[in-house]
Undergrad: 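Sharing a structure, written as structure tokens. Questions coming.
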Amino acid sequence: MVLFISALVSLASTVLSVYALPADVSQGAPQLTLTAASFGSGLNLAALSAHKLYFGTATNNVELNDSAYFALLDDHRMFGQITPAKGMKWLETEPERGVFTFAQGDQISDLAKKSRKYLRGHNCVWYNSLPEWVTNMTWTARELAEVVQEHCFNIVRHWQGQVWDVINEPFNNDGTWCETMWFKTLNTTYIPLALHAARQADPHAKLYINEYNITGTGPKATLMKKLIRDLKCAGVPVHGVGVQAHETVGEVPTDIRKNLEELVALGVKVAITELDVKFFTLPPDKAGLEQQRKDYETIISACVQVKGCVGVTVWDFTDKYSWIPGTFPGSGDACPWDNNVHRKPAYDGIIDGFKKGY
């Protein structure tokens with residue numbers, strides 16, 4: 001039975017009329033004794049030593065069968081947080097309307113509980129990874145509002161007590177709204193609709209808006225700041241901004257700390273949620289690997305220097321399972337471990353970022 005309450009149905013029309021906008025963590029992380037040596041004992045221990053909540057990674061269910069990979073993933077000294085890269089998305093969790101399939105997300109959620117890691121819910125509303133029953137229909141605003149609310153309510157309720165990327169990637173790089181099916185039918189109101197539904201499902205969840213190309217200042221980051229201000233003024237529950245930080249070697253922004261501080265000043269937390277630093281051409285040479293090390297150090301250090309930046313997550317930790325080659329053919333080697341699950345200089349850059357930033 002769909003866990004959905006009738007109060008949310010009437011909320012749709014309320015949000016559409018009242019909240020139209022113009023054109024922290026789950027329990028259970030272990031208590032560790034930290035010393036100066038912790039900086040060199042693993043990435044998560046380095047993060048904790050720098051007074052961050054965690055250093056984490058995304059993962060996918062199929063990867064859990066790789067014993068060498070799993071041994072690192074399961075090690076709390078290395079990773080204190082997990083994000084399911086696919087298993088909680090709409091296509092996997094609600095393939096038919098009102099029919100919820102939680103198995104993939106549950107597997108990773110159970111792993112997080114067993115190894116006492118934080119879990120990040122990812123994600124409620126995005127324009128990709130949608131089932132055909134969502135994309136092949138012509139919806140009225142009221143109908144689509146109910147669809148958004150039902151989905152957000154049910155998945156957040158199922159995985160309670162987490163941080164959630166409720167909204168994923170709502171903007172274009174030029175600082176305009178992405179013309180998704182959500183925006184075309186609901187304009188910007190789908191944002192507060194989803195956030196209110198998530199809050200209704202779990203009053204204790206920390207609700208984030210997650211976006212790429214907002215690591216430094218620029219049009220996209222400016223629109224994010226405006227959205228956060230508008231939501232806060234309207235009384236919409238929003239607790240954080242996810243800064244994905246998918247970057248390119250040698251092109252990392254120079255004003256990351258300034259940008260993060262401006263976001264935090266709006267009354268929210270920030271988290272680096274999907275960090276990787278790709279090479280456009282392969283294979284990298286020694287100088288390129290050194291530049292990648294420096295780039296990782298720069299990003300980590302900026303987070304450490306901003307009190308409201310709670311932690312860092314890489315978008316998987318080994319090139320073996322990176323999403324980059326499949327999306328950008330000819331590019332890759334973006335992760336701190338290589339295809340053979342051996343550490344790269346980027347690993348040391350992360351450690352140095354935690355040390356120097358602190």
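Because the structure is a prediction, the values reported are computed rather than measured.
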Undergrad: Sorted by first residue and then second, give each salt bridge (charged side-chain N to carboxylate O under 4.0 Å, His left out) pair with at least one member in residues 163-177; sequence neighbours left out.
TA: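 Output for this query lists Arg120-Asp165.
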Undergrad: Distance check, rounded to the nearest 0.5 Å: Lys52 atom NZ versus Asn44 atom CG?
TA: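 With rounding to 0.5 Å, NZ (Lys52) is 13.5 Å from CG (Asn44).
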Undergrad: For the pair Thr248 (side chain) and Glu251 (backbone), establish whether a donor and an acceptor sit closer than 3.5 Å, ignoring hydrogens and angles.
TA: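 Absent.
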Undergrad: Enumerate the residue pairs fulfilling salt bridge (charged side-chain N to carboxylate O under 4.0 Å, His left out) with a member in residues 312-329, sequence neighbours excluded, ordered by first and then second residue.
TA: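 Every pair satisfying salt bridge (charged side-chain N to carboxylate O under 4.0 Å, His left out) with a residue in residues 312-329: Asp66-Lys320, Asp319-Lys344.
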Undergrad: Considering the options Asn259, Asp255, Thr254, Thr222, which one meets the side chain to side chain donor-acceptor pair (under 3.5 Å) requirement together with Thr217?
TA: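 Going through Asn259, Asp255, Thr254, Thr222 one by one, the side chain to side chain donor-acceptor pair (under 3.5 Å) with Thr217 is satisfied by Asp255 alone.
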Undergrad: Do any pairs count as a side-chain hydrogen bond (donor to acceptor under 3.5 Å, both in side chains) and have a residue in residues 324-335, sequence neighbours left out, and if so which ones?
TA: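 Listed once each, the pairs would be none.
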Undergrad: Any chance you could lay out the side chain to side chain contact (heavy atoms under 4.5 Å, CB included) test for Leu45 and Arg77, step after step, and finish with the verdict?
TA: CA-CA 5 Å; Leu45 290 185; Arg77 295 170 299 177; 3.7 Å; yes
Undergrad: Can you name the closest pair of heavy atoms from Ala46 and Ile351 and give their distance?
TA: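 Minimum heavy-atom contact is CB-CD1, 3.8 Å.
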Undergrad: Check side-chain hydrogen bond (donor to acceptor under 3.5 Å, both in side chains) between Thr215 and all other residues, then give those that pass, not counting sequence neighbours.
TA: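 Thr215 satisfies side-chain hydrogen bond (donor to acceptor under 3.5 Å, both in side chains) with Glu247 only.
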Undergrad: First locate atom CG of Leu48, then atom CG of Leu43, and finally report the distance between them rounded to the nearest 0.5 Å.
TA: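 CG of Leu43 is found 11.0 Å from CG of Leu48.
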Undergrad: Any chance you could measure Leu91, atom CG, to Lys86, atom NZ, to the nearest 0.5 Å?
TA: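 Rounded to the nearest 0.5 Å, the CG-NZ separation comes to 10.0 Å.
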Undergrad: Let me see the working for Trp177 and Asn187 under side-chain hydrogen bond (donor to acceptor under 3.5 Å, both in side chains), right down to the final yes or no.
TA: CA-CA 9 Å; Trp177 286 84; Asn187 201 269; over 6 Å; no
Undergrad: A side-chain contact here means heavy atoms from C-beta on lying under 4.5 Å apart; do Leu111 and Phe70 qualify?
TA: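 Yes; the side chains approach each other to less than 4.5 Å.
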Undergrad: Is it the case that Asn173 and Lys220 place a side-chain donor and acceptor less than 3.5 Å from each other?
TA: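 Indeed, the side chains of Asn173 and Lys220 share at least one donor-acceptor pair under 3.5 Å.
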Undergrad: Could you tell me whether Lys294 and Glu297 have a side-chain N and a carboxylate O separated by less than 4.0 Å?
TA: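 Answer for the salt bridge query: no.
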Undergrad: Among residues at least two apart in sequence or on other chains, which ones pass ring-ring contact (aromatic ring centres under 6.0 Å, His included) with Tyr69?
TA: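 So Tyr69 forms a ring-ring contact (aromatic ring centres under 6.0 Å, His included) with Phe317, Tyr321.
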Undergrad: Which distance, rounded to the nearest 0.5 Å, do you find between the CE of Met181 and the OG1 of Thr135?
TA: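 Those atoms lie 7.0 Å apart.
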Undergrad: By the disulfide bond (SG atoms under 2.5 Å apart) test, which pairs, at least two apart or in different chains, include something from residues 92-185?
TA: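 For residues 92-185, and leaving out neighbouring residues, there are no disulfide bond (SG atoms under 2.5 Å apart) pairs at all.
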Undergrad: Could you report the tightest heavy-atom contact between Tyr190 and Pro170, atom names first, then the distance?
TA: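 Of all heavy-atom pairs spanning Tyr190 and Pro170, the closest is OH-CB, 3.4 Å.
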Undergrad: For Glu150 and Asn154, test the side chains for any donor-to-acceptor distance below 3.5 angstrom and give the result as yes or no.
TA: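 Not at all, the side chains of Glu150 and Asn154 share no donor-acceptor pair under 3.5 Å.
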Undergrad: Restricting to pairs with a member in residues 175-197, which pass salt bridge (charged side-chain N to carboxylate O under 4.0 Å, His left out), not counting sequence neighbours?
TA: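 Applying salt bridge (charged side-chain N to carboxylate O under 4.0 Å, His left out) to every pair that reaches into residues 175-197, excluding sequence neighbours, yields nothing.
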Undergrad: Do the side chain of Gln305 and the main chain of Ser301 share a donor and acceptor less than 3.5 angstrom apart?
TA: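 Flag set: sc Gln305 to bb Ser301 pair under 3.5 Å.
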Undergrad: Can any side-chain N or O of Asp202 pair as donor or acceptor with the backbone N or O of Gly161 at less than 3.5 Å?
TA: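 Yes, Asp202 side chain to Gly161 backbone: donor-acceptor pair under 3.5 Å.
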Undergrad: Test your reading of the model: is there a side-chain donor-acceptor pair from Asn172 to the backbone of Gly175, 3.5 Å cut-off?
TA: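 Between the backbone of Gly175 and the side chain of Asn172 there is no qualifying donor-acceptor contact (under 3.5 Å).
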Undergrad: With Glu262, which residues qualify under salt bridge (Lys or Arg N to Asp or Glu O under 4.0 Å), at least two apart?
TA: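 Checked Glu262 against salt bridge (Lys or Arg N to Asp or Glu O under 4.0 Å); matches are Lys225, Lys258.
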Undergrad: Verify the ring-centre separation between Trp90 and His151: is it less than 6.0 angstrom?
TA: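 Yes, they do, as the ring centres are separated by less than 6.0 Å.
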Undergrad: Quick check against the 3.5 Å criterion: does His239 have a side-chain atom that pairs as donor or acceptor with the backbone of Leu207?
TA: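 Present.
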Undergrad: Do Trp182 and Tyr127 have ring centres separated by under 6.0 Å?
TA: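 Aromatic pair excluded; centres sit 6.0 Å or further apart.
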Undergrad: Side chains of Phe100 and His158, heavy atoms from C-beta outward: is any pair under 4.5 Å?
TA: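 With C-beta onward as the side chain, the pair stays apart.
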Undergrad: Can you list everything that forms a side-chain hydrogen bond (donor to acceptor under 3.5 Å, both in side chains) with Asp110? Sequence neighbours excluded, please.
TA: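 None.
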Undergrad: Give a yes or no answer on whether the side chain of Gln107 reaches the backbone of Gly105 with a donor-acceptor pair at less than 3.5 Å.
TA: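 Not confirmed, Gln107 side chain does not pair with Gly105 backbone.
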Undergrad: Counting only N and O atoms by type, is there a donor-acceptor contact under 3.5 Å from the side chain of Asn60 to the main-chain atoms of Glu63?
TA: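 The answer is no, because no donor-acceptor pair under 3.5 Å joins these two groups.
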Undergrad: Just by modelled atom types, is the Trp133 backbone N or O under 3.5 Å from a matching donor or acceptor in the Glu96 side chain?
TA: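 Absent.
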Undergrad: Any chance the rings of Trp315 and His122 have centres within less than 6.0 Å?
TA: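 Between Trp315 and His122, the centre distance is under 6.0 Å.
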Undergrad: Among residues two or more places apart or on two chains, list those pairs meeting disulfide bond (SG atoms under 2.5 Å apart) that have a residue in residues 275-310.
TA: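 Counting only pairs at least two positions apart or across chains, the disulfide bond (SG atoms under 2.5 Å apart) contacts touching residues 275-310 are Cys303-Cys309.
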Undergrad: Tell me, yes or no, whether the heavy-atom count around Lys232 atom NZ, taken from other residues, nucleotides or ligands under 6.0 Å, exceeds 12.
TA: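 Yes - once you tally the heavy atoms of other residues, nucleotides and ligands closer than 6.0 Å, there are more than 12.
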Undergrad: Give the minimum heavy-atom separation between Thr318 and Asp338, together with the two atoms involved.
TA: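 Between these two residues, the closest heavy atoms are OG1-O, 2.6 Å.
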Undergrad: Any chance the rings of Tyr347 and Trp337 have centres within less than 6.0 Å?
TA: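 Yes, close enough.
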Undergrad: Taking distance alone, no hydrogens or angles, what donor-acceptor pairs closer than 3.5 Å link side-chain atoms of residues 270-277 to residues at least two apart or in another chain?
TA:
from	atom 1	to	atom 2	distance (Å)
Thr273	OG1	Asn210	OD1	2.7
Glu274	OE1	His246	NE2	2.7
Glu274	OE2	Asn210	ND2	2.9
Asp276	OD1	His246	ND1	2.9
Asp276	OD2	His246	ND1	3.3
Asp276	OD2	Trp323	NE1	2.8

Undergrad: Quick one: hydrophobic cluster around Phe280, which other residues, with the 4.5 Å side-chain cut-off, linked directly or via members?
TA: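 In the cluster with Phe280 there is nothing else; it is isolated.
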Undergrad: CD1 of Ile82 to CG of Leu119: how many Å apart, nearest 0.5 Å?
TA: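 CG of Leu119 is found 7.5 Å from CD1 of Ile82.
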Undergrad: State, with a plain yes or no, whether a side-chain heavy atom of Phe171 is found less than 4.5 Å away from one of Asn213.
TA: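 Not touching, per the 4.5 Å side-chain cut-off.
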Undergrad: Considering all heavy atoms of both residues, which atom of Gly288 and which atom of Asp285 are nearest to each other, and what is their separation?
TA: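 Of all heavy-atom pairs spanning Gly288 and Asp285, the closest is N-OD1, 2.7 Å.
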Undergrad: Do any N or O atoms from the side chain of Lys117 and from the backbone of Leu73 form a donor-acceptor pair under 3.5 angstrom?
TA: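 Here the side-chain-to-backbone pair exists.
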Undergrad: Under 3.5 Å, is there a donor-acceptor pair between the side chain of Asn340 and the main chain of His342?
TA: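 It does not hold such a pair.
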Undergrad: State, to 0.1 Å, how close Ser322 and Pro325 come at their nearest heavy-atom pair, and which atoms those are.
TA: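 For Ser322 and Pro325, the tightest heavy-atom pair comes out as O-CD, 3.6 Å.
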Undergrad: Without hydrogens or angle criteria, can the side chains of Gln81 and Thr313 be said to hold a donor-acceptor pair below 3.5 Å?
TA: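 Their side chains do contain a donor-acceptor pair, which is all the 3.5 Å distance test asks for.
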Undergrad: Are the charged groups of Glu261 and Arg257 less than 4.0 angstrom apart, N to O?
TA: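 Yes, Glu261 and Arg257 are salt-bridged.
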Undergrad: Walk me through it: do Arg293 and Asp352 pass the test salt bridge (charged side-chain N to carboxylate O under 4.0 Å, His left out)?
TA: CA-CA 9 Å; Arg293 185 199 69 77; Asp352 289 344; 3.2 Å; yes
Undergrad: Quick one: closest heavy-atom pair of Glu94 and Pro131, and the distance?
TA: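 So the minimum-distance heavy-atom pair works out to O-CG, 3.5 Å.
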Undergrad: Rounded at 0.5 Å granularity, tell me how far NZ in Lys89 sits from CG in Leu130.
TA: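 Atom-to-atom, Lys89:NZ and Leu130:CG are 10.5 Å apart.
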